[in-house]
**Student:** 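The following block contains the structure, expressed as structure tokens.
Here is how names work: the chains are called A, B, and so on, in the same order as the sequence lines, proteins then strands, and each is numbered from 1. For the numbers below, each heavy atom of this structure counts, side chains included, while hydrogens, waters and symmetry mates do not.
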Protein chains: 2
Amino acid sequence: MPEASSCLVTKLSHYMPLSDLDKERLARLEKSERSFPAGQEIYQGGDENRNLYVVKHGWAFSYTDLPDGRRQIVKIHHPGDIVGFPDVALKHSTTTLRTVESVCLCPFPKSSLDEILRKSPRLSALLISIALRDHVVLIDVLRAMGRMSAQERISYMLLDLLARLRITNRSMTDTFRLPMTQSQIADYLGLTNVYISKTFLRLEREGFIQRDHDQVRVLKEREMIELTDFHDRYAEMDTSWFPQD
Amino acid sequence: MPEASSCLVTKLSHYMPLSDLDKERLARLEKSERSFPAGQEIYQGGDENRNLYVVKHGWAFSYTDLPDGRRQIVKIHHPGDIVGFPDVALKHSTTTLRTVESVCLCPFPKSSLDEILRKSPRLSALLISIALRDHVVLIDVLRAMGRMSAQERISYMLLDLLARLRITNRSMTDTFRLPMTQSQIADYLGLTNVYISKTFLRLEREGFIQRDHDQVRVLKEREMIELTDFHDRYAEMDTSWFPQD
DNA sequence: CGTGGTCTTGAGTTCCGTCAACTAGCGTGG
DNA sequence: CCACGCTAGTTGACGGAACTCAAGACCACG
């Protein structure tokens, strides 16, 4: 019983037209699904690396802790994302996966990926491109962490979320839901919850954003792009080199 | 006129035995070579993304600048590394490549990579694994930048370099050559040259390291591994899923 | 023997962290 | 329905790690 369209198919279709066969292969990844409540850990760093996951709905994130408890969130996962790709080359997971809110995930074994890699060169090229794109995005995050102030980092994060969410929701303009707590945002940006709070208030006071509960509205997108030298890595990719199946 | 063994072949052989055909394919990547003096830019961020490069000898690094000049070095390249992999999914380069010292590079077109991807599944799996491994390493760097003190960051960097250099130089113990300036190290670790200097002196004073010109000796590797919760991502990879050609 | 780049040193500053108290919202249960 | 407890967010005082600026030392090299 295939749904009208999965988030994964929507997201991938944004970059290239998918054949029915491709869609069928992707649907197989979403065959089984499981729901989890908010704040649940799905797997832990060091666990044997069995499954990957497609996010069906809800937000989640991957993080690592230092032994003394300092935490770094390394990736925020949205519906349509594939979770765990960077770890497939390793025997054990390097990060812990945790839900932000109520989440539905589709686990699938590594071997399903193998099958796609062997049988569908064009779809493989797309999946690899997305993994590489995520690598480039991580480089952008690294730049933000290494060289940007708190205000710039938050601005960068909001712009990045906007760009990502626009891929699956074309009608979205300047407002979106940010279900993460300020402590989680702090762990993502390498700051503290207290300083996140103060910087959000400052951004609001200076007219960059508005907030209402978990809704965020970006008012000065242009200025914030300028401020952070932001580049949208999501809108387009180079598919010109993709093989024809 | 193939050399006895290239760095690239040495590095890849560490993870799986290479067939003569594989070695021949890799040798093709190193067919043409060019030398560059220290401090030279090879390509710039935004340039059209034509070639990849194999590093033959010498160190180089990739970086991005903010418009006001703040710099973040995102990857240090050693002999045997392939430079530019994360960018293949994009039309334009996202980073600038610069030599640390006198360097010899082998440029090769994207299309050579295509050929390997199409014709050699096993070698493809290895190259993809290395790209994913580099992604995991970047996550480690992100954690260091987000959550570690200057002392911990430098320790992490030294351990990472040790682990990487040991792959190609099995006889290496605790001493290696670090040709980067302290300003470059600062741009890599998200600090300033002044603070790098002070922190290096402190590490020396506290008996963690010794320095002599550009030679660094790591004296308390065990403690530094503990301090930074360091994981060697280079020593082994999961090759169990690789296809047999 | 000058010259330019790298490293070191010190004084003063700042951004962000720590700690702790307080407020607001929300679900639970008596 | 209100007391309660819990979590998230805000606020303020204070502290400290890392930055800035500037001067000086130490090379390597022409």
Side-chain angles (χ1 to χ4, degrees), chain A residues 37-40 59 66 68-73 98-102 144-157 177-206 209-216 227, chain B residues 37-40 59 66 68-73 98-102 144-157 177-206 209-216 227:
Chain A
Q40 178 101 357
W59 288 30
L66 285 168
D68 67 359
R70 284 176 284 181
R71 176 165 298 179
Q72 181 64 46
I73 293 176
R98 188 189 186 93
T99 59
V100 170
E101 53 189 339
S102 167
M145 303 278 291
R147 291 302 184 203
M148 288 187 191
S149 69
Q151 184 173 8
E152 290 163 336
R153 287 189 220 182
I154 291 185
S155 299
Y156 169 77
M157 180 187 185
R177 191 176 63 92
L178 178 54
M180 295 168 72
T181 68
Q182 292 186 353
S183 294
Q184 290 166 347
I185 295 171
D187 288 337
Y188 181 62
L189 296 178
L191 299 164
T192 59
N193 56 348
V194 173
Y195 211 69
I196 294 290
S197 172
K198 286 176 179 166
T199 309
F200 258 128
L201 288 162
R202 180 173 161 207
L203 283 170
E204 236 173 347
R205 202 170 54 241
E206 295 180 1
I209 61 166
Q210 280 175 1
R211 290 179 301 160
D212 182 45
H213 295 90
D214 59 0
Q215 295 288 320
V216 178
L227 180 72
Chain B
Q40 177 101 354
W59 290 28
L66 285 167
D68 67 358
R70 285 175 283 181
R71 175 164 298 180
Q72 181 64 48
I73 293 176
R98 189 188 183 93
T99 59
V100 170
E101 51 189 340
S102 166
M145 302 279 291
R147 291 305 185 200
M148 288 185 190
S149 68
Q151 186 173 7
E152 291 164 335
R153 286 189 221 183
I154 291 184
S155 299
Y156 169 77
M157 180 186 182
R177 192 177 62 92
L178 177 53
M180 294 168 71
T181 69
Q182 293 186 353
S183 293
Q184 289 166 347
I185 295 170
D187 287 338
Y188 181 62
L189 296 177
L191 298 164
T192 59
N193 58 346
V194 174
Y195 210 67
I196 294 290
S197 171
K198 287 175 178 166
T199 308
F200 258 128
L201 288 164
R202 180 174 161 207
L203 283 170
E204 235 174 348
R205 202 169 53 241
E206 296 179 0
I209 62 165
Q210 281 176 359
R211 290 179 300 161
D212 182 46
H213 296 90
D214 59 1
Q215 295 287 319
V216 178
L227 180 72

**Student:** So, using salt bridge (Lys or Arg N to Asp or Glu O under 4.0 Å) as the criterion, who are the partners of A/Arg70 when residues are at least two apart?
**Tutor:** A/Asp68, B/Glu152
**Student:** Heavy atoms of chain A, cut-off under 4.0 Å: which first and last nucleotide of DNA chain D, 5' to 3', fall inside that, if you could look?
**Tutor:** D/dA8 to D/dA13
**Student:** Would you please name every residue forming a ring-ring contact (aromatic ring centres under 6.0 Å, His included) with B/Tyr156, sequence neighbours left out?
**Tutor:** B/Phe230
**Student:** Under a criterion of less than 4.0 angstrom to any heavy atom of chain A, what are the 5'-terminal and 3'-terminal contacting nucleotides of DNA chain C?
**Tutor:** C/dC15 to C/dC19
**Student:** Can you work out whether A/Met148 or A/His213 has the more 5'-proximal nearest nucleotide on DNA chain C?
**Tutor:** A/Met148
**Student:** Within the structure provided, determine whether B/Ile196 and B/Arg153 are in side-chain contact (heavy-atom separation under 4.5 Å).
**Tutor:** no
**Student:** Could you check whether A/Arg211 gets within reach of a base, just the sugar-phosphate, or nothing at all, counting any heavy atom under 4.0 Å?
**Tutor:** sugar-phosphate
**Student:** Tell me, which of residues 187-198 of chain B have any heavy atom that sits under 4.0 Å from an atom in DNA chain C?
**Tutor:** B/Val194, B/Ser197, B/Lys198
**Student:** Has A/Glu101 got a side-chain atom pairing as donor or acceptor with A/Trp59's backbone, closer than 3.5 angstrom?
**Tutor:** yes
**Student:** For B/Arg98, which residues count as a salt bridge (Lys or Arg N to Asp or Glu O under 4.0 Å) partner, sequence neighbours excluded?
**Tutor:** B/Glu41
**Student:** Under 4.0 Å between any heavy atoms, over every strand shown, what does A/Ser149 touch: base, sugar-phosphate, or nothing? Just pick one.
**Tutor:** sugar-phosphate
**Student:** So, applying side-chain contact (heavy atoms from CB on, under 4.5 Å) with A/Leu189, which one of A/Thr192, A/Asp187, A/Leu191 is it?
**Tutor:** A/Leu191
**Student:** Do B/Leu178 and B/Ile185 have side chains that get closer than 4.5 Å, going by heavy atoms?
**Tutor:** yes
**Student:** Which value, rounded to the nearest 0.5 Å, describes the distance between B/Asn193 atom CG and B/Lys198 atom NZ?
**Tutor:** 10.0 Å
**Student:** Under 4.0 angstrom, heavy atoms only, what part of the nucleic acid is A/Arg70 near: base, sugar-phosphate, or nothing?
**Tutor:** nothing
**Student:** Would you say A/Thr199's side chain and A/Gln151's backbone share a donor-acceptor pair under 3.5 angstrom?
**Tutor:** no
**Student:** Taking atom CZ as the centre, does A/Arg202 end up with more than 12 heavy-atom neighbours from other residues, nucleotides or ligands that are less than 6.0 angstrom away?
**Tutor:** no
